[in-house]
Structure formats: structure tokens, C-alpha cells
Amino acid sequence: MAATRCIRSCGIWKWKPAFYNKQTRPCSTIRATDGAVHNSFIPMSTRDLSRFVLEDDKMLDAESRSRFEQLSSLLQYAIDKDLRISFDEIKTRFECINPDLEIPRSAGKPDDEFWVIHKLASVLHLANFQELSHTAALKHLQEYKKSEGVMVGVNVSEYDILQFWVLGTYKRTVKRSYSQQLLSELKKMMPVDSKLSELINVTPAEVKYHKRLVIASRKKGDEKLSLKMFKDIPQGGLEQVVPGAVIRMPRLDRISLLVAAGTAVSSLITKIITQFHNAESNFLFVVIGLTGSAAFQIHGKYNDKKMKYLNSLNKTLYYKLIANNRGLISTVVDRARDEVFKECLLVYGILSNSRGLSPEEINMKINKWVQEKSNNVISFDSLDALLFLSEEGIARVDRKGVYSVLPVDQSLILLSARSGNVDTGADVDIL
């Protein structure tokens, strides 16, 4: 059965633990993506989703629709109860290594850091985040020329832990000058491995952004793990959220600066020698002045580019930082609850008006439904919702791998018994 890829333990769906290698490379997990990020989250609020499901005649009949709100309330209660234990465990373990505590505590156990990352990866999976593989992260962290005109890179060997998770992507069109368009066409005509092509800096016509980016990092020698979440980060701008990025002058600028400075210095030395021999050579004063001013101008332009990049970095840290450390854990936990709840509502709604569907058929129908309702293309994964509904006894699977669900009335009775006879007439808190 496809859903058996997940393991149910301590009230949370777990994938294989993060590989934790302090010697060679950053951590990575089994769901690491090679750079192609798919929008697997549902791009609508739980309140809007519930309204769309209730309004859809193809999902629920009139009788089921009248009690679906009660079912939603019990379903949300069951999800919160089922996940609360593991979520509390993450917060408890993180308190031992929390770098933001006002009162220092004794050092946590050696495995606290490992289990925080491992369980956080599980929660991020439920929240439909995807982890960037080591190869994909290294590609964006290696030194390359930024649009501001400076070289920026990160030395990943300085980190014991460096791990990224992303949620969704979108493209943003960038206005380019006429000269940039000409350079772009010129670069297309050059061979891919051309040295001259690497020196030409062209602003791309479209820039891909990550809607949400989570980073777990700790440099060698540090004692505390850092967790941060950002929004709207360029796909090629991971170095903006990593502490310790190095800014350098581009190769072409360095060569120009060395040539200008070398010419000025050599001319000065020549002038001193000729002056020592009482020779007249006023032309050397002109050379020294021109090359010296050129060197200062090149260095001044580099400083301007560097300040422009640092200004962009400051805006990222000030405006795009959503949460860090314990606040990040709470944010991710809330998002995971919402995503699991939305997935369960959609899967139940699709199966309630059918004679049974395979996980692949469920995914196709929900992808189409979400695109019709929100005009967004997603890659839905129904395995978590099917696993949860099966554990609660609402969903059944036959030997052919075809899933079906109980009617609303039977599901209400079952969930009510499991929840300890909670008030099924309560309003649904779907914010």
C-alpha cells in the first residue's frame, strides 16, 4: 500500500531521519528535492476551502452538506489531538538549545539538536514544505555574480548544520534596459562554457522566488542551533539568509583595478628613477594621474555596488523575516495543522461522492478542483490525509489499493466516540 511509506509514531507521520554529518556536508532528508520545487500546498484558507466544499454539489449531497460542518469540527479536533504530543516534544527539546532564552540553562543532551531537526523535518513535511538537497543548495551558495555587480558566496565547510526547506515558487518579471537586452542576446550566441560568457553580467528577464524558506544552521564552534523562516526569497539568493556570506569584487573589476594600480605604481617608480638621473619626463605625470584616478574610480564603483547589495540584504533581514527559533516552531506547527486539515477535507469530499478511487486518481481530481477554484496549479499528495483518515477509521482501502470513506453520519458517530463525546454542534474554528 502506497501510504505505508510513512511511519506512524508518537502521533506524527515520520519520514526517515535527517542525515546528520558534521564532517563532510550539511544535513539532508529523504524528501530532498533536486531544485525543482512543486507547489504541493493548497493555496486557500481553511475557511474558504470549507465554503468551496460546501458549495460544490459534486462533492456533497444535500443531506451530507447539512452535517458537514459538524464533521469538520470533529475532524479538526482529532487532528489537533493526534499531533499535539509530538509538537510539544519538539518545543520541549528545543528549549534545551534555544539561543533566545533570557536565563541561560544547562547544556542540552547531545541528541537534542538531532531530534529537533528530525521532528521539525516531519512537521515541515506535513506543512507541505520541500527540503532542498545538498546539491541544489550548494549550487545556489557557491560564489557567483549578483545583479548588484558583486561576487557573493558561502563556504559551507564552515557549518556543522546547514539545511533548507522551501514552500512554493512564483516568477516575477524584471524590467531590463536596452543594453541589458543586447548583452542577453550576445550571451546566448556564445558557447555555454565560454570564459567571456561568465564575465558578462546579464539581469534575467524573470526571477524565481520561494514563497517561504526555512533554514536551520549552526557554524562550527557555535553551541546554539538557529532556526529562521523568510518570505519571498529569490531562488538564487540563498546566501542572503545564511550568516557569514563573503562579498568579493568580480574578476573583471579586479583585473582592471590591478592593471590601473600597477601602471600607476610602475609609472611612479619610473618617474623617481628618471628624476634621480635628472631626466625630463612630464608624460609620466599624466600616466600616473590617469591610471591612479582610474583605480580609485574602479574601487569606488565596487564600494557602491557592495553598499547596494548590503542595502538589499538589510531589507531582506528586516522586511522578509517571518519567525525565528521557537516562534518558527509555533508557526510551522500551526501551518501543518491547517494543511493536514485542508487535505483531509478535500480527500473526504472527493471520496464521499464516489465508489472508490486510487491515490493517483484522488490527486488528479483534487489538482483539477483546486485549479478551477483558485486558478493555481498544484501537485497534490493525498497520502498523509489517507493515512490519517484510515487511522481514524473513516477511510477504507481494498486489496487493489482503492480508497473509500464512510458516510457523514457514520463518520460523525465514529469521530464523536474517539474524541470523548465532544460537542458536535460547536462552530468550526477554521481561520
Side-chain angles (χ1 to χ4, degrees), residues 1-3 5-6 13 31 33 35-69 71-72 75-76 79 125-130 166-171 206 208-212 335-390 392 394-398 400-408 411 428 430:
M1 186 171 59
R5 289 193 300 164
C6 297
W13 301 274
R31 287 192 77 233
T33 175
V37 180
H38 304 285
N39 292 333
S40 55
F41 70 100
I42 304 168
M44 57 183 75
S45 66
T46 52
R47 187 179 298 277
D48 290 338
L49 178 65
S50 299
R51 176 172 60 83
F52 287 142
V53 172
L54 286 170
E55 293 174 348
D56 197 330
D57 296 332
K58 297 180 180 179
M59 279 194 175
L60 302 171
D61 53 31
E63 184 178 354
S64 299
R65 193 177 294 110
S66 63
R67 306 203 66 186
F68 186 73
E69 189 174 0
L71 177 66
S72 299
L75 194 60
Q76 190 175 48
I79 292 171
H125 159 65
L126 293 179
N128 286 321
F129 279 78
Q130 299 178 49
V166 296
L167 178 72
T169 60
Y170 67 94
K171 293 181 180 179
E206 288 184 336
K208 288 186 178 180
Y209 285 79
H210 296 301
K211 293 183 177 180
R212 295 292 184 271
R335 188 177 190 94
R337 288 193 181 110
D338 287 344
E339 288 297 311
V340 174
F341 177 63
K342 290 188 289 185
E343 290 174 1
C344 289
L345 283 185
L346 278 178
V347 170
Y348 186 89
I350 289 292
L351 290 177
S352 64
N353 204 17
S354 68
R355 296 183 179 181
L357 297 169
S358 66
E360 292 76 15
E361 292 172 330
I362 296 172
N363 295 341
M364 290 177 60
K365 285 183 174 292
I366 292 179
N367 288 339
K368 183 179 179 181
W369 186 89
V370 171
Q371 187 173 7
E372 292 175 352
K373 298 297 182 181
S374 66
N375 199 28
N376 285 285
V377 178
I378 69 169
S379 179
F380 187 81
D381 186 0
S382 60
L383 291 182
D384 288 334
L386 290 171
L387 180 62
F388 177 80
L389 294 176
S390 299
E392 296 297 324
I394 299 174
R396 309 288 172 85
V397 59
D398 60 18
K400 296 181 179 180
V402 175
Y403 285 84
S404 59
V405 292
L406 298 176
V408 173
S411 299
V428 191
I430 44 178

Could you check whether any side-chain heavy atom of Leu406 comes within less than 4.5 Å of a side-chain heavy atom of Arg396, counting everything from C-beta outward?
yes

Between Val397 and Leu386, is there a side-chain heavy-atom distance shorter than 4.5 Å?
no

Looking only at non-hydrogen atoms, find the nearest pair between Pro43 and Ser374 and report the distance.
CG-OG, 3.9 Å

Main-chain N/O of Met59 paired with Ser352 side-chain donor or acceptor, under 3.5 Å:
yes

Parallel, tilted or perpendicular: which fits the ring planes of Tyr209 and Tyr170, with parallel below 30° and perpendicular above 60°?
parallel

Any chance you could measure Glu392, atom CD, to Leu387, atom CG, to the nearest 0.5 Å?
10.0 Å

Kindly compute the distance separating CG (Asp338) from CZ (Arg47), expressed to the nearest 0.5 Å.
11.5 Å

Backbone N or O of Val408 within a donor-acceptor pair of the Tyr348 side chain at under 3.5 Å?
yes

Minimum heavy-atom separation for Phe341 to Ile79, with atom names?
CA-CD1, 3.5 Å

Cation-aromatic face contact Arg335/Phe41, 6.0 Å, 45 degrees:
yes

Is there a side-chain contact between Met364 and Lys368 in this structure, where contact means two heavy atoms from C-beta onward sitting under 4.5 Å apart?
no

Is there a donor in the side chain of Ser382 and an acceptor in the side chain of Tyr403, or the other way round, less than 3.5 Å apart?
no

Could you tell me whether the side chain of Lys365 reaches within less than 4.5 Å of the side chain of Phe380, counting heavy atoms only?
no

Using side-chain contact (heavy atoms from CB on, under 4.5 Å), reason through Asn128 and Ser40 one step at a time and then give a plain yes or no.
CA-CA 6 Å; Asn128 286 321; Ser40 55; 3.6 Å; yes

Return the OG to NZ distance between Ser358 and Lys400, rounded to the nearest 0.5 Å.
12.0 Å

Is Asp384 close to Glu339 at the side-chain level, that is, under 4.5 Å between some pair of heavy atoms?
no

Interatomic spacing from CG in Leu357 to CD1 in Ile362 - rounded to 0.5 Å
5.5 Å

Would you say that Leu345 contacts Ser72 through its side chain, given a criterion of any heavy-atom pair below 4.5 Å between the two side chains?
yes

Rounded to the nearest 0.5 Å, how far does CG of Leu346 lie from CZ of Phe52?
11.0 Å

What do you reckon, is CG of Asp398 surrounded by more than 12 foreign heavy atoms closer than 6.0 Å?
yes

Side-chain heavy atoms of Val402 within contact of Arg355, under 4.5 Å:
no

Return the CG to NZ distance between Asp48 and Lys373, rounded to the nearest 0.5 Å.
12.0 Å

What is the minimum heavy-atom distance between Leu75 and Cys344, and which atoms define it?
CD2-CB, 3.7 Å

Short question: side chain of Lys342, backbone of Ile42 - any donor-acceptor pair under 3.5 Å?
yes

Do Leu351 and Ile394 come within less than 4.5 Å of each other through their side chains, counting heavy atoms only?
no

